[in-house]
Amino acid sequence: MAKPREALNFPSSNSIHIDPYLPSTSPSSQPSSQPNKPFVTLTYATSLDSSLSLSPGVQTVLSGPESKAMTHYLRSKHDVILIGCGTAIADDPSLNCRIEGVGGYGGEGLQGQPRPIVLDSRGRWNVTRESKVVKLAGGGKGKAPWIFTMSEVGKERREILEGVGGQFVQLPGKDGMEWAEILKALGERGVQSVMIEGGGHVINTLLSPENASLVDSVIITLAPTWLGKGGVAVIPDERRNEQGSKIAVGRLRDVKWVPLGEDVVLCGRF
Ligand SMILES: NC(=O)C1=CN([C@@H]2O[C@H](COP(=O)(O)OP(=O)(O)OC[C@H]3O[C@@H](n4cnc5c(N)ncnc54)[C@H](O)[C@@H]3O)[C@@H](O)[C@H]2O)C=CC1
Ligand SMILES: Nc1nc(O)c(N)c(N[C@@H]2O[C@H](COP(=O)(O)O)[C@@H](O)[C@H]2O)n1
C-alpha cells in the first residue's frame, strides 16, 4: 500500500527513549490507590521562556518535524487526547494521529487514533460542521470528540457532534470541573490513558499543588526560541509548606533528556 501523503514517521530508534514513560510500559501505569483513574501523561511544547504560544488565541509552531512526529507517536499510544476550549478556539486543531500505519493513514479502521476531549465549562467553543475534529471524524480519519461541559447544550451543536458519533458529557462544577472528577468520568467510560496537551489554563491548573499528583508522566518538548512577554505561559500557582515558606511545586524524577532535531524532549515522572 502506498504511503499516505500526509503521514508522519517516528523511528523506533527514537521511540525506545520515550516508551518507558508511556501507559502500557510505565511502572506506574496501574496506580493502585486510584483504581479507576486513567494513566495521565502531560505533554506540550514550550519556548525557553515557558510560553506555549505568542499570545492567547494565536497558534504558534514550536516543535520541529522530529518532535512533532513524537507528539503524534504519543497520540497513537493514548486512548484520549485532552485540551481546553481556549486551544480549540485558537487552533481549530485536528487532534488525530497522523503516523503512517495508524487508522485512516494506512492502518485499519480507527486503530491507534485517540479520542479528542475538549473541556468547555461554559460552552464557549462553537463547534460546527467545519471544525476539523468534526470533519476528520466524519471522514474516518479521527475519532469523534467528547466535550465536557457544565452548561446546557443547544440542539444544533448537539446534533452536529452526535451526527459524527461524538457526545457532550455534563459534569457538575462551580468555577470549573474538578480534575479528579474529569478523570473519574473518563475512567467510567473505559478510558485507560489520557494525554493532556494544553493550553495554559489546563496545564497550570493540573500542575497546581492539589492536582499535580494526578499526573503520571511528563513529556515536554523544549524548542530553542524565546516568545517574549504576553505569551500563554506555563506558571503554576505557588506552593507553600506548613511554615508558610514558598517551596517548589514539584520536581520530576527518572528524568531523561532526548534530543530530537533542534529540540530537546524532557521525559520524567511525578
Ligand atoms: N505549545 C503547545 O504545546 C500548546 C499550545 N497551546 C496554546 O495555548 C493557548 C490556549 O491556552 P489557554 O488560553 O490557556 O486555554 P486552554 O486551552 O487552557 O482552555 C482554557 C479553557 O478550558 C476550559 N477548562 C479548562 N480546564 C477546565 C476545567 N477543569 N473544568 C472546566 N473547564 C475547563 C475553560 O473553559 C477554560 O477557560 C493557545 O494559544 C494554543 O495555541 C495549546 C496546547 C498546546
Ligand atoms: N507538540 C506541539 N508542538 C507545537 O509547536 C504546538 N503548537 C502544539 N500544539 C498542540 O497541537 C495542537 C494542534 O494539533 P493538530 O496538528 O491540529 O492535530 C494544538 O491545538 C495544540 O494542542 N503541539
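Every number for a ligand or one of its atoms is a count from 1 in the order of the listing. Below, all heavy atoms of this structure are taken into account, side chains as well, without hydrogens, waters or symmetry copies.
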request  = Check Thr71 against ligand 2 and report side chain, backbone, both or neither, counting heavy atoms closer than 4.0 Å.
outcome  = side chain
task = Could you tell me whether Leu95 approaches ligand 2 through its side chain, its backbone, both or neither, with non-hydrogen atoms closer than 4.0 Å?
result = backbone
key: Close approach of Thr205 to ligand 1, heavy atoms, under 4.0 angstrom   = no
inquiry  = Checking contacts here: is it the side chain or the backbone of Arg75 that comes within 4.0 Å of ligand 2, counting heavy atoms only? Could be both or neither.
reply    = side chain
message = For ligand 1 and His201, I'd like to know whether there is a polar contact (N/O to N/O, distance under 3.5 Å).
response = yes
Salt-bridge present (Glu197, Arg75; N to O < 4.0 Å) = yes
task = Return yes or no for this condition: an N or O of Ala90 is under 3.5 Å from an N or O of ligand 1.
result = no
ask   = Is it the side chain (CB and beyond), the backbone, both or neither of Val58 that lies under 4.0 Å from ligand 1, heavy atoms counted?
value = backbone
ask   = Does the side chain of Ser94 come under 3.5 Å of the side chain of Asn96 through a donor N or O and an acceptor N or O?
value = no
request  = Would you check whether Cys85 reaches within less than 4.0 Å of ligand 1, judged by its heavy atoms?
outcome  = yes
query = Under 3.5 Å between some N or O of ligand 2 and some N or O of Arg98?
reply = yes
query = Quick one: does Gly200 get an N or O within less than 3.5 Å of an N or O on ligand 1?
reply = yes
message = I'd like to know if Arg124 contacts ligand 1, where contact means a heavy-atom distance under 4.0 Å to any ligand atom.
response = yes
query = Is Asp120 close to ligand 1, meaning an N/O of one under 3.5 Å from an N/O of the other?
reply = no
inquiry  = So for ligand 1, is Val232 a polar contact partner (N or O within less than 3.5 Å, distance only)?
reply    = no
ask   = Is the closest N or O pair between Glu197 and ligand 2 shorter than 3.5 Å?
value = yes
inquiry  = Between Glu238 and Arg240, does any side-chain N to carboxylate O distance fall below 4.0 Å?
reply    = yes
ask   = For Met150 and ligand 1, does the shortest N/O to N/O distance drop below 3.5 Å?
value = no
message = With nothing but distance in play, are any N or O atoms of Asp91 less than 3.5 Å from an N or O of ligand 2?
response = yes
message = Geometry only, no angles: is Asp91 polar-contacting ligand 1 at N/O separations under 3.5 Å?
response = yes
ask   = Does any N or O atom in Arg122 lie less than 3.5 angstrom from one in ligand 1, N or O only?
value = no
task = Would you kindly specify which portion of Leu52 sits under 4.0 Å from ligand 2, judged on non-hydrogen atoms: side chain, backbone, both or neither?
result = neither
key: Any N/O pair Val202/ligand 1 closer than 3.5 Å   = yes
query = Leu62 to ligand 2: N or O pair under 3.5 Å?
reply = yes
key: ligand 1-proximal atoms of Glu197, by part, heavy-atom distance under 4.0 Å   = backbone
ask   = Would Ile182 count as a contact of ligand 1 if the rule is a heavy atom under 4.0 Å away?
value = yes
inquiry  = Under 4.0 Å, heavy-atom basis, I'd like to know which part of Ser53 is in contact with ligand 1: side chain, backbone, both or neither.
reply    = side chain
